[in-house]
Protein chains: 2
Amino acid sequence: MPPDDPLPSRLSSDVYAVLRRQIVTGELRPNQPLIELDIAERLQVSRTPVRESLQRLAHAGLVVPRKRGWAVREFTPDEIRQNAEVRMALEGYAASLAALRGSPSDIAAIVAIHERRLNLRSSDEAMRVKTNRDFHDAIMRASGNPRLTDAIYHSGQFYFNAPIARVTTGEELALGNADHALIVAAIKKRDGPAAEKAMRAHIQRTFALFWRVTGLAEPLDVRQE
Amino acid sequence: MPPDDPLPSRLSSDVYAVLRRQIVTGELRPNQPLIELDIAERLQVSRTPVRESLQRLAHAGLVVPRKRGWAVREFTPDEIRQNAEVRMALEGYAASLAALRGSPSDIAAIVAIHERRLNLRSSDEAMRVKTNRDFHDAIMRASGNPRLTDAIYHSGQFYFNAPIARVTTGEELALGNADHALIVAAIKKRDGPAAEKAMRAHIQRTFALFWRVTGLAEPLDVRQE
DNA sequence: GCACGCAAGTTTGCATACAAATTTCATTTC
DNA sequence: GAAATGAAATTTGTATGCAAACTTGCGTGC
């Protein structure tokens, strides 16, 4: 949830941001116990903000309670598959809403980003990552539903562990622009169901690729319909 | 998130549960500032667990930061509409998964609950509430995706404020069983898309009723397709 | 009569204190 | 040598302390 207010800076928010990043990038390994005092000293704060940020992380599902204290949550391949399905549900619906009621300028923005991406030189990895993110963001924005956007954002943090962090940034890039083109076409035609279907298929293919790249066991039943 | 572990009891969890309930039921009014010391004294704990539970509530989106401290979040009718759409996305997808890959016993359970509900005497309000909840739970369970279930659960807490709490328990009941029957039929036929469509329509009708009952201004654009 | 300013009172954000529970680890026992 | 024991060291969960930031309300000046 990107705050729209000039939020008062609070240490626990900073600590949360740092820990979140370290967990999602895998710097803090799954099942690693989180020692409050270590973190506090590392970040030069007292235990209070650390504990408060751990509460948030727990609610976010990134850390799990132990008998005492907390540990970085480990996700199984199956849980990652489950999460992919959540994304298919949410982002698919966002695409459908974008098609059905995105404003002309919303849709122009989507098209523009897509086309910029088509003209990218294949070597420009960073730019491909950025435009991919922009593409998905633009669709969420066009959905006209900030809470939906929020939910998608929240569901997007569960791909760490193992080599996942690296892959999920790279993943979708390798798929080429064919998927995106299908989505754009459906949105331009204001065809909600088609946009939804295309987006779901896109996410599904992304994860199929993901299993291949990571070498993790592919959970059963990824396929649908 | 109903914890499945024998979680060590922690005061902050208790405080969280109490505050959450009081917010969702409207006992704590929207925009009401939450004074740490008041809460602490009311619940006979120190400020520490109170602060920690506020962090969780903030992450859950039930309280918002003020320049100093927190206040109960107020939801506008439009935000409630947005949230209904999130539910349509998630629960619709859950229904589709239930149809496509629910086990025979999963489906038998759904049918059983539905039929029990059909035979209810109309006076038995409490039982209608319970079986309605059971019905939706059974479908989520049949989806075979706990994370999806979790996401739905999280999205289900945004209907408080105003007279909403009362209504959202009552709402779906008044709709009769026609909607449920459609959903059950689709699931029995293993027709994913039909189940998804029926569930979305059900939630949509629920909210249409909701606007009528509460007298709140209906936000634009609830309708789709 | 209204606005402004200033002091007193709240209430927070962060740090620290402390006892209880758990873990660690060396020592003893078989 | 392995298992058992228990004392020491960690580490947590909760409470409290404290200075700073914000509010409130009164008094003063215009």
Side-chain angles (χ1 to χ4, degrees), chain A residues 1 3-23 27-74, chain B residues 1 3-23 27-74:
Chain A
M1 342 136 202
D4 29 10
D5 262 279
L7 280 200
S9 102
R10 288 194 251 237
L11 278 188
S12 55
S13 299
D14 298 346
V15 175
Y16 174 79
V18 171
L19 290 181
R20 184 184 197 287
R21 184 174 46 71
Q22 295 189 335
I23 291 174
E27 190 171 337
L28 289 170
R29 307 310 329 241
N31 291 316
Q32 178 171 342
L34 295 165
I35 308 300
E36 296 175 2
L37 202 58
D38 287 357
I39 298 170
E41 280 171 2
R42 195 148 54 77
L43 303 183
Q44 294 292 311
V45 297
S46 82
R47 280 176 56 216
T48 304
V50 172
R51 299 194 96 249
E52 290 180 358
S53 77
L54 284 171
Q55 293 288 329
R56 291 180 93 109
L57 290 165
H59 192 93
L62 295 181
V63 306
V64 290
R66 287 266 181 274
K67 249 207 300 269
R68 245 169 105 104
W70 309 91
V72 177
R73 175 160 175 189
E74 170 164 41
Chain B
M1 351 118 219
D4 29 12
D5 263 280
L7 280 199
S9 106
R10 288 193 252 237
L11 277 188
S12 54
S13 299
D14 299 345
V15 175
Y16 173 79
V18 171
L19 290 182
R20 184 183 197 288
R21 184 174 47 72
Q22 296 189 335
I23 291 174
E27 191 172 337
L28 289 170
R29 307 310 327 245
N31 291 316
Q32 178 172 341
L34 296 165
I35 308 299
E36 296 175 3
L37 202 59
D38 287 356
I39 299 171
E41 281 172 1
R42 197 149 53 77
L43 302 183
Q44 294 293 311
V45 297
S46 82
R47 281 176 55 219
T48 304
V50 172
R51 299 191 98 251
E52 291 179 358
S53 77
L54 284 171
Q55 293 289 328
R56 292 180 91 111
L57 290 165
H59 195 271
L62 295 181
V63 307
V64 289
R66 287 268 181 273
K67 251 206 294 274
R68 248 165 97 104
W70 309 91
V72 176
R73 174 159 173 189
E74 170 163 41

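We name chains A, B, ... by the order of the sequence lines, and we start the count at 1 in each one. Scope of the values below: all heavy atoms of this structure, side chains included, with no hydrogens, waters or symmetry mates.
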Quiz item: To the nearest Å, how far apart are A:L43 CG and C:dA15 C1'?
Solution: 15 Å
Quiz item: Picking from C:dA15, D:dT14, D:dT16, which would you name as closest to the side chain of B:R47?
Solution: D:dT16
Self-check item: Whole angstrom value for the distance that separates P of D:dA9 from CG of A:L37
Solution: 17 Å
Practice problem: In whole angstrom, give the distance that lies between atom NZ of A:K67 and atom P of C:dT24. | Solution: 11 Å
Exercise. Look only at the side chain of B:Q55 and the backbone of B:E52, and say whether a donor-acceptor pair between them is shorter than 3.5 Å.
Key: no
Practice problem: Please determine, by modelled atom types, if A:Q22 and A:R42 share a side-chain donor-acceptor pair under 3.5 angstrom. | Solution: yes
Practice problem: Remember a base hit wins even if backbone is also touched, and classify A:L54 as base, sugar-phosphate or nothing at under 4.0 Å, heavy atoms. | Solution: nothing
Practice problem: Identify the heavy atoms of B:S12 and B:P49 that sit nearest to each other, and give their distance. | Solution: CB-O, 3.6 Å
Quiz item: For the side chain of B:T48, counting heavy atoms from C-beta on, which of C:dA15, D:dA15, D:dT23 is nearest?
Solution: D:dA15
Quiz item: Of all the nucleotides listed (D:dA15, C:dC14, D:dT12), which has the minimum atom distance to the side chain of A:E36?
Solution: D:dT12
Exercise. Using atom CH2 of B:W70 as one end and atom P of D:dC22 as the other, report the distance to the nearest whole Å.
Key: 16 Å
Exercise. Round to the nearest Å and state the distance from B:I35 atom CD1 to D:dT23 atom P.
Key: 11 Å
Exercise. Could you work out which one of C:dA15, D:dA15, D:dC22 sits closest to the side chain of A:L11?
Key: C:dA15
Self-check item: Residue B:S46, side-chain atoms from C-beta onward, closest of C:dT22, C:dA15, D:dT14
Solution: D:dT14
Self-check item: Atom pair CG (A:L19) and CG (A:L54), whose distance is rounded to the nearest 0.5 Å
Solution: 6.5 Å
